[in-house]
Chemist: 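Starting off with a structure, shown below.
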Number of protein chains: 2
Amino acid sequence: MLDERSKKVLYAVIQCYINTPGPVGSRVVTKKYHFGLSPATIRNIMSDLEEMGYLSQPHTSAGRIPTDSGYRFYVDSLSAEKQLVNNVLTAELNKKFELIKKDINSFLDDASKMLSELSHYIGITMSPNTGMTTLRKIELLKYRDNRLAVILFTDEGIIQNRIVPVVPDISQRELNRIAEYINSRFKGRSLDEIKRLILKEMTKEKVLCDSLISEAIRICRNAFSAAPGNIYISGLSEVLRLPEFCDINRIRELLQTLEAKHIIVNLLDNIADSEGTQVLIGAENILDEMRQFSLVAATYKEGSRPMGTIAIIGPRRMNYLETISIVDSTAQFITKLLS
Amino acid sequence: MLDERSKKVLYAVIQCYINTPGPVGSRVVTKKYHFGLSPATIRNIMSDLEEMGYLSQPHTSAGRIPTDSGYRFYVDSLSAEKQLVNNVLTAELNKKFELIKKDINSFLDDASKMLSELSHYIGITMSPNTGMTTLRKIELLKYRDNRLAVILFTDEGIIQNRIVPVVPDISQRELNRIAEYINSRFKGRSLDEIKRLILKEMTKEKVLCDSLISEAIRICRNAFSAAPGNIYISGLSEVLRLPEFCDINRIRELLQTLEAKHIIVNLLDNIADSEGTQVLIGAENILDEMRQFSLVAATYKEGSRPMGTIAIIGPRRMNYLETISIVDSTAQFITKLLS
DNA sequence: CTTTAGCACTCTCCACGTCCGAGTGCTAAT
DNA sequence: ATTAGCACTCGGACGTGGAGAGTGCTAAAG
């Protein structure tokens with residue numbers, strides 16, 4: 001459908017445009033890439049590419065800029081070269097992350113900074129939604145008179161604590177029994193699952209009226225409400241260097257979106273379902289405010305279960321090859337760390 | 001030094017400028033505030049005020065804008081009116097924060113959002129540097145074979161967990177003994193203090209060579225390294241509406257500063273020492289990048305010990321009365337919550 | 001039939017000049 | 001001491017015009 005020569009011209013235009021924004025004309029293409037063709041021929045080809053929807057003209061008698069479909073075509077043809085860059089990056093990542101004894105949250109904070117440093121775009125990392133993590137062990141510790149600290153140990157190495165109100169006269173021994181009960185029944189299940197099971201249990205056993213069990217259920221109900229995953233965003237200042245961010249209103253829109261973190265969390269959660277590294281180019285984004293940007297996202301896993309998502313947001317005129325590689329190998333790197 | 005009439009003119013100019021940016025001329029002053037004086041007289045007074053350093057002219061034959069000293073004079077004369085606004089705000093705060101069973105971190109996140117919503121500037125909150133918090137109780141729980149979870153309960157209601165590597169063959173019973181030892185010796189002291197004491201202990205008791213104690217010390221050394229306080233920043237998009245943020249480079253500088261959170265942490269930590277609500281106007285800021293902005297900060301306390309800091313960053317042309325009130329009453333509000 | 005050279009045309013960007021309005025400072029009158 | 005009047009200054013808006021980059025078309029060449 002697209003002959004080899006046209007492809008080469010398309011890629012050339014895209015690469016030119018990525019390097020220096022602003023419409024790219026037929027002359028620069030002939031100068032930078034030696035196809036052995038004259039500007040006139042290139043013009044004809046570019047005209048064809050425009051008809052096919054891969055290029056567009058901001059105004060008559062200006063050069064061409066890639067459309068979203070143009071980028072898409074380019075990105076889809078990239079997978080082959082990707083692996084190559086990946087290997088180089090992975091080596092670099094290993095160097096950067098020598099000291100990782102930290103907990104996962106501050107680790108992800110650093111990771112988002114690293115994403116933005118490497119790419120010069122916006123780096124985003126999300127910690128696993130705790131509802132997905134599996135319980136290894138629960139501990140109940142009396143804290144103040146009417147307060148209980150619930151410590152959840154998960155298989156993923158995440159430790160969480162919640163403070164739960166509790167009847168004042170319960171003893172530590174009773175708490176231990178409750179913890180034991182929970183451990184034996186729910187170990188190895190995800191927190192979300194446990195919460196569901198607990199709710200079922202409630203209706204069943206309330207006839208029993210065992211005050212200890214009912215207190216246990218009450219505690220669990222409070223404790224297993226999943227904490228929303230944290231999200232870390234870095235590189236905002238980085239991205240303001242780019243010429244596409246000369247419009248204040250566009251910046252504000254983006255910032256507004258990024259500040260409403262739950263929106264981003266949702267966005268990335270949806271992506272998390274699909275395999276591999278996802279690329280959303282411009283208008284492919286569901287969010288209106290993101291239409292001017294592209295998003296590259298991947299999930300990191302623990303074993304085979306997806307845990308969290310990392311992503312990079314940049315201009316549509318993004319260095320896709322590099323960015324995809326960075327996201328890809330960082331996700332793989334985190335996955336390896338978690339196992 | 002400054003007669004009543006001049007003061008009134010100064011305040012009028014400042015208030016005009018706060019409402020609508022752009023140099024304010026003698027005519028608008030006479031129109032909006034009825035001093036019973038003609039523009040010419042106002043001009044003379046404004047000329048005097050300029051000579052005294054309270055006003056300045058961006059260029060000849062333009063109106064006047066306040067200087068940092070002008071704002072300072074204005075702010076210093078404000079304390080009387082402050083209390084009045086405070087009371088109104090406190091009522092509003094109480095309404096907004098009904099459901100605060102959350103842990104302190106997500107609470108501070110919300111608080112920073114609230115600061116920015118109320119002020120339309122940038123809201124910042126810092127969680128207490130954990131080194132300052134006092135130990136109520138420590139629990140050591142074996143987690144994986146060679147991993148130990150240290151749970152620190154503090155008087156301030158903050159629970160922290162650290163994962164510490166440990167010799168594999170230590171039993172839970174031994175851990176309990178170590179915990180008991182730490183509890184008895186260090187309860188009621190701040191984590192920083194404990195860390196210092198531990199270091200001393202090390203040199204003393206290493207002769208003893210009691211393997212249990214030395215293991216305990218090793219654990220503590222790892223566990224009591226204070227986690228840096230978290231910092232929450234909201235309202236970036238809010239502030240971009242303001243006309244002073246039309247310059248991309250200025251935005252970038254600010255974002256860069258805000259992203260380097262440790263810089264802000266340092267800045268606010270310094271302020272935390274002083275009593276009451278602090279106002280830094282423009283060049284009074286130590287940080288170059290903050291010279292274009294003003295900062296209003298206050299500390300919240302637990303009892304009499306300062307715990308953390310909250311702040312608002314806005315343009316120099318800031319509604320100081322309102323902003324100071326917001327910061328002031330929010331700090332008081334948090335203080336009350338913690339007790 | 002494909003490629004190329006030549007040419008007229010289009011559109012943006014920038015620099016320059018002009019004009020208008022807002023505001024000042026000064027002086028003289030009240 | 002205050003005010004009215006007036007000349008002066010400066011920034012911002014507007015329009016114009018030329019330079020530059022790039023296109024599309026046509027006709028010639030391979």
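Residue numbers start from 1 in every chain, and the chains themselves are labelled A, B, ... in the order their sequence lines are given, proteins ahead of strands. None of these values were measured; they are calculated from a predicted model.
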Chemist: With sequence neighbours left out, write down each residue that passes side chain to side chain donor-acceptor pair (under 3.5 Å) with B:Thr67, or none if nothing qualifies.
Modeler: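 Checked B:Thr67 against side chain to side chain donor-acceptor pair (under 3.5 Å); zero matches.
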
Chemist: Applying side-chain contact (heavy atoms from CB on, under 4.5 Å), run through A:Glu253 and A:Asn249 and close with a yes or a no.
Modeler: CA-CA 6 Å; A:Glu253 271 185 13; A:Asn249 284 321; 5.9 Å; no

Chemist: I'd like to check the side chain to side chain donor-acceptor pair (under 3.5 Å) partners of A:Arg317; sequence neighbours left out, ordered by chain and number.
Modeler: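 A:Arg317 satisfies side chain to side chain donor-acceptor pair (under 3.5 Å) with A:Glu244 once adjacent residues are dropped.
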
Chemist: Could you give me the CA-CA distance, side-chain angles and deciding distance for A:Ser234 and A:Ser112, then say whether side-chain hydrogen bond (donor to acceptor under 3.5 Å, both in side chains) is met?
Modeler: CA-CA 6 Å; A:Ser234 301; A:Ser112 79; 2.7 Å; yes

Chemist: Mark yes or no for whether B:Asn285, through its side chain, and B:Leu287, through its backbone, hold a donor-acceptor pair below 3.5 Å.
Modeler: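 Side chain of B:Asn285 to backbone of B:Leu287: no pair is present.
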
Chemist: Figure out the CZ/C1' separation between A:Phe35 and C:dT2, and round it to whole Å.
Modeler: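 Distance check: A:Phe35 CZ to C:dT2 C1' gives 18 Å.
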
Chemist: Test side-chain hydrogen bond (donor to acceptor under 3.5 Å, both in side chains) on A:Ser116 and A:Glu238 and set out the steps.
Modeler: CA-CA 8 Å; A:Ser116 79; A:Glu238 205 65 61; 5.3 Å; no

Chemist: For A:Tyr11, what residues pass the ring-ring contact (aromatic ring centres under 6.0 Å, His included) criterion, not counting sequence neighbours?
Modeler: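 With sequence neighbours excluded, A:Tyr11 shows a ring-ring contact (aromatic ring centres under 6.0 Å, His included) to A:Tyr74, given in chain and number order.
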
Chemist: According to side chain to side chain donor-acceptor pair (under 3.5 Å), who are the partners of B:Glu289, at least two apart in sequence or on a separate chain?
Modeler: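 So B:Glu289 forms no side chain to side chain donor-acceptor pair (under 3.5 Å) with any residue.
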
Chemist: Quick one: ring-ring contact (aromatic ring centres under 6.0 Å, His included) partners of B:Tyr71, sequence neighbours excluded?
Modeler: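 Testing B:Tyr71 for ring-ring contact (aromatic ring centres under 6.0 Å, His included), a comparison that skips the adjacent residues, returns B:Tyr320.
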
Chemist: Mind jotting down which residue pairs meet the salt bridge (charged side-chain N to carboxylate O under 4.0 Å, His left out) criterion with at least one end in residues 12-31 of chain A? Sequence neighbours excluded, please.
Modeler: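 Pairs touching residues 12-31 of chain A that pass the test: none.
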
Chemist: To the nearest 0.5 Å, what is the distance between OG1 (A:Thr330) and CG (A:Leu115)?
Modeler: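 Reported value, rounded in 0.5 Å steps: 4.5 Å.
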
Chemist: Just to be sure I understand the geometry, which residues of residues 54-61 of chain A put a non-hydrogen atom under 4.0 Å away from DNA chain C?
Modeler: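 The stretch gives A:His59, A:Thr60, A:Ser61 as the residues lying under 4.0 Å from the strand, ordered by number.
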
Chemist: For residues 50-74 of chain B, which residue pairs pass the salt bridge (charged side-chain N to carboxylate O under 4.0 Å, His left out) check, not counting sequence neighbours?
Modeler: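 Salt bridge (charged side-chain N to carboxylate O under 4.0 Å, His left out) check on residues 50-74 of chain B returns B:Glu50-B:Arg64, B:Asp68-B:Arg316, B:Arg72-B:Asp76, B:Arg72-B:Glu284.
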
Chemist: What contact category does B:Gly22 fall into here, base, sugar-phosphate, or nothing, at under 4.0 angstrom with non-hydrogen atoms?
Modeler: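 Touches nothing.
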
Chemist: Under the side-chain contact (heavy atoms from CB on, under 4.5 Å) test, which residues partner B:Ser38, sequence neighbours left out?
Modeler: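 Counting only residues at least two positions away or on another chain, B:Ser38 forms a side-chain contact (heavy atoms from CB on, under 4.5 Å) with B:Ala40, B:Thr41.
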
Chemist: Can you give me the first and the last nucleotide of DNA chain D (5' to 3') that has an atom within less than 4.0 angstrom of a non-hydrogen atom in chain B?
Modeler: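 Nucleotide range with atoms under 4.0 Å of chain B: D:dT2 to D:dG11.
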
Chemist: By a strict heavy-atom criterion of less than 4.0 Å, which residues belonging to residues 2-16 of chain B are in contact with DNA chain C?
Modeler: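 None - not one residue of the stretch has a heavy atom sitting under 4.0 Å from the strand.
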
Chemist: Can you list, by residue number, the residues of residues 41-52 of chain A that have a non-hydrogen atom closer than 4.0 angstrom to DNA chain C?
Modeler: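 Those residues whose heavy atoms fall under 4.0 Å from DNA chain C, taken from residues 41-52 of chain A in numerical order, are A:Thr41, A:Arg43, A:Asn44.
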
